[in-house]
Every structure is written in structure tokens, then in C-alpha cells.
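Single-structure report; data block below.
Proteins come first, then strands; the chains are lettered A, B, ... in the order of their sequence lines, and each starts at number 1. Source: prediction; values computed, not measured.
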2 protein chains.
Amino acid sequence: MASNNPTQQEAITTADKIFQKMQIAIVEGDIPSGSKISEPELAKQFQISRSTLREALNRLEKCHLIERKANVGSRVIECTVKGLLDIYVVREALEGMACRQAALNMTDEEIVDMKSMLAQHATSKDLQDGVSYYQEQGDLDFHYRVILGSHNQELINILCGQLYHLVRMYRCQFGMNSPRASKAFTEHSRIVEAIAERDGELAEILMRRHIAASRKNIENKIALKDSSSV
Amino acid sequence: MASNNPTQQEAITTADKIFQKMQIAIVEGDIPSGSKISEPELAKQFQISRSTLREALNRLEKCHLIERKANVGSRVIECTVKGLLDIYVVREALEGMACRQAALNMTDEEIVDMKSMLAQHATSKDLQDGVSYYQEQGDLDFHYRVILGSHNQELINILCGQLYHLVRMYRCQFGMNSPRASKAFTEHSRIVEAIAERDGELAEILMRRHIAASRKNIENKIALKDSSSV
DNA sequence: TAAGTTGTAATTGTCGACAATTATCGCTTG
DNA sequence: CAAGCGATAATTGTCGACAATTACAACTTA
């Protein structure tokens, strides 16, 4: 099973390995959102020195999974509703632009590959059942292709290197398995069509609407949850 | 003279100070673009240990001013034309969205403040002379206000914490003092009007055109330079 | 001569200890 | 009894040394 992060090169140093372990632990909530990180304790737990742990913490901070204050320490980022919505706003802007650039810059081969990926998704049992797979891995795969297709290193860094982890974290912790699977698949198809036609303007609009729809879906859910829990 | 980076809190640790010094040195080209960074050498030069220097390097990496490879070392990022244009594409997307959000989220007080800042720019001697100030500090001030006005922490982090430094680096190293000062000022004024009218859609469009105009201006310059130098 | 190899030198990664700062708990005092 | 203060404990920041990896150079060999 290949790594699902296209920007992540094979880890060599132990700090890299610790970073990956902690990343998963934070994303999946094993290290709770908002909790303080004790350097001595974690170092002992992982059987490494504090220097190595701090190196790993620096990388976690780079993808905004933890926050550090001088002489105070590190905390896992807190998952808030506003934080989630803020991320979707950024995604709408950046992935919309990435989609426009993809329409301009993707090679014909890349487009063919993406089409075949989508075709495979269409026949996937999971999609037909309308359940988890497509919301999770399949959805991410599609968005990755578009982002990488932009051929804009800055876009790729920000989206795949930073926001990606946060998105996954929120998905895990807020338990988001929306009923948008089939709708999302249709939207993906339209987007690919626009890219294939090299229509950057339309591609951007469609991607923005696609992400905005997700955001609104979340907003509705939150509102519903609030009113029912009170 | 206050710090011009709104996200930058007062530095306390020595690693912070080294970070700031190196940041300036890189941005202004004293540490050349693309050059390799020797940890032992720099540590000796700054009279600090390698650990502290590495802490500073980690922060430089966070704002994409240097790149690190495991077991190989750090290099200052290379200034390329494509890199510059990539940044402008990201800015167009993100600052456009920031502007839309600013129109929705800025307080009335913030808007008043921004208007008065612009009024002050209008009477500034530098602007009337059509020279450097407005392209540099004044322009940055305006864009900062808009970004902060979005009240979106993720947007603020990415734009002020990361892209900002790169933008300044390119401005220094490519020596960009374009003749767009008065035009830019007019565009800024229109943007503020749209924000004041709470017209998010228009605000975004205007900001995107404003940044796209800068990008095209650069593209023209580059093309000109290429054809003249060959 | 050019390519491959091996051994040495230099650089990076990791470690444990010390210094500086912060948090905590108990005490004093109004 | 509450609020402020002070000493102690714990945590973070910094340091220098060692281990592991990489880069370089001289040498061998086809």
C-alpha cells in the first residue's frame, strides 16, 4: 500500500519516523486535540532523545498540527468549528486556482490517467454502496491529482504538505461521513471534463462550487447538531 | 518603527533572534539565493551552538526560505522566474479570497482605519513622487490590512507567515520597483470601497485583478529583459 | 583515458547534561 | 478567607561530544 501523501518522500532519519507516527496519532485522535505535549515523557515513550523528538515536533508544527510557545511548550491544535470552516475557505480559493492551473498545465497523459482513475472509482463497489471509501481515499486521490496537475510547486506545498493533514484530522475527529458520495462523484466528473477541455475558468468555478458544497454541508450538520443537543 | 510583520511576536529565545537575522540576510541577498548553508560555519559565525542554529533553520524552512534534505544539508531557496510567477498565482487566489472574507468580516472600525491609512498614503510625498515607498512598505501595509481583516487564521498564517517573506525576497533580489505606484493606489482605493460596501464578490474580483496586473507587469518585464539581453 | 572503487575527511543526525525560564505549591499578610 | 509573594520542582532552551551518513579524492583497473 503506497503512501497517500504525494509530497512525502521516504523517511530516513528517526526523527522522520517519529514525525510520521505522531502525525497519525494526532490525526486519529490518539493524542487528543488540545492536549499539552510533554517532551520528556514522549521522548521516554518513544525511546529517543529530546533533541530528536523536538526535530519531529518542528515538522508537526510545519503542518500546523501542533503549536509552540517559547518557554512554555507544545499543544496539539484544537479542532474548532471555526477552524474547520476557515480551512474550507482556504481550500475553496487554493484548490479552485489549482484546478484552473491544472486545466492549463496538465499533460494529456495526466488527464488520461485521471480519467481512468475516475472510471475505476465509478465501478468501485464502495461507491455503489455509497459508503466510506469514496469519501475518504478516493476523494483525496482525486483532489491530489488536480493539485499536482497544477504544476505549481507553491500550491502543491501548501495544499499537500500542510492543509492535507488538517483536513484528515478534522475528518477523523468530527467523524464526517456525509451522504455526498454519489453527488461528489458527479461533480468530480464534471471537473475532469472541464480540465480535459482546457477550460480553466469553468474548471475553477466547478471546483469552488464543489468545495463550497462540502462546506455548506458541514455548516448544516453543525447547525443541526447544535439545535438538537441543546 | 514597529515591526512590519503582524504575525511576528516579540522574539525571546536566541534561536528567534538568529532566525530574524538570517531571514533578513536571505531576503536581502546577503546569503545568496541557492547557496549551501554550512551548519558548523554559520554556528561559529553567530557564536552559537549547532542545536540553536538548527532551530533557527527549522523556522526558515517553515517560511520556505531554505530547503533541507536529510543527511545532505540546507540550501537557500533559488529565485526563479517560475517560482515568482507561482507565488503570484497563489497570491491571486488567497488574497482574492481574503478580500472577499474581509468584506464580510471586517469590523466598521477596521474599515475606518484602513480608509484613513489610504488617505495618508494619498498625501504622502513618496506617492506623489511616484517612487519607492508606496511600492514597498505602503503596498505591504495595505495588503496586510486586508488579510488580517479576513479574520481567517489559516489565511493569515499562510499569507503573512510564509508567502510574505518570499514576496519580499523576490522584490529585493529581482529589484522590482515598477511604475505601477499610482495605478496600484487607485486599485487599492476601489478595493476599499468594495469592502466598505460589504460587496464580497466584487472585492474578490478587484483584488484578483490587482494582483494579476502585477503578475502581468512582471511577465512583460521578464520577456523584455530576455529579448534585450539575448 | 575514463569509469569504478575504496579510504579519508567533512557534514549531518542523535545523544545526554546543564542553564534559563516557567509553573506549582505552600506560606505570609491584609 | 482571599490575594499576593516566595521557594521549589518541573519544563524548555542551549550546549558540546559522539555516531552515522555523505562527499571528495586518490588509486586501481579495464
Side-chain angles (χ1 to χ4, degrees), chain A residues 3 7-26 31-78 161, chain B residues 3 7-26 31-78 161:
Chain A
S3 163
T7 63
Q8 179 174 309
Q9 51 199 358
E10 36 190 329
I12 303 174
T13 80
T14 64
D16 278 319
K17 295 174 194 165
I18 302 295
F19 163 66
Q20 290 187 357
K21 284 185 188 175
M22 289 191 67
Q23 182 185 300
I24 295 173
I26 290 175
I31 301 177
S33 160
S35 66
K36 178 158 174 18
I37 290 177
S38 163
E39 292 183 7
E41 185 180 323
L42 263 182
K44 198 170 65 181
Q45 187 174 325
F46 282 119
Q47 309 257 34
I48 57 174
S49 83
R50 263 183 62 225
S51 312
T52 306
L53 178 68
R54 281 163 70 87
E55 185 70 33
L57 292 183
N58 269 316
R59 291 177 212 187
L60 290 171
E61 193 187 9
K62 266 202 306 197
C63 42
H64 296 173
L65 288 177
I66 68 172
E67 286 172 339
R68 294 178 73 185
K69 278 186 190 172
N71 291 315
V72 173
S74 312
R75 302 194 83 88
V76 179
I77 205 173
E78 283 208 60
Chain B
S3 163
T7 63
Q8 179 175 307
Q9 51 198 359
E10 34 189 331
I12 305 175
T13 80
T14 64
D16 277 318
K17 294 176 197 165
I18 301 296
F19 163 67
Q20 290 186 357
K21 284 186 189 173
M22 289 191 67
Q23 182 184 300
I24 296 174
I26 290 175
I31 302 177
S33 160
S35 67
K36 180 160 173 14
I37 290 178
S38 163
E39 292 184 6
E41 185 181 323
L42 263 183
K44 198 170 65 181
Q45 187 174 323
F46 282 119
Q47 309 257 34
I48 56 173
S49 84
R50 263 185 60 226
S51 312
T52 305
L53 177 67
R54 282 164 69 86
E55 184 70 33
L57 291 182
N58 268 316
R59 290 176 213 186
L60 290 171
E61 193 187 9
K62 266 203 306 196
C63 42
H64 296 173
L65 288 177
I66 69 172
E67 286 173 339
R68 294 178 73 184
K69 278 187 190 171
N71 290 315
V72 173
S74 312
R75 302 195 83 88
V76 178
I77 207 175
E78 284 207 57

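B:R75 is linked by a salt bridge (charged side-chain N to carboxylate O under 4.0 Å, His left out) to nothing, counting only residues two or more places apart in sequence or in another chain. Shown here are the side-chain contact (heavy atoms from CB on, under 4.5 Å) partners of B:L42, two or more places apart in sequence or in another chain: B:M22, B:I37, B:Q45, B:F46, B:L53. Looking at residues two or more places apart in sequence or on another chain, you find a side-chain contact (heavy atoms from CB on, under 4.5 Å) between A:S51 and A:S49. For the salt bridge (charged side-chain N to carboxylate O under 4.0 Å, His left out) test, residues two or more places apart in sequence or in another chain that qualify with A:E55 are A:R59, B:R54, B:R68.
Distance CD1/B:I31 to CD1/B:I24: 11.0 Å, rounded to 0.5 Å.
Between B:K17 atom NZ and C:dA20 atom C1' there is a gap of 12 Å when expressed in whole angstrom units.
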Heavy-atom contacts, protein to nucleotides 11-18 of chain C, under 4.0 Å, summarised as B (base), S (sugar-phosphate only) or - (none) per nt, yield -BBBBB--
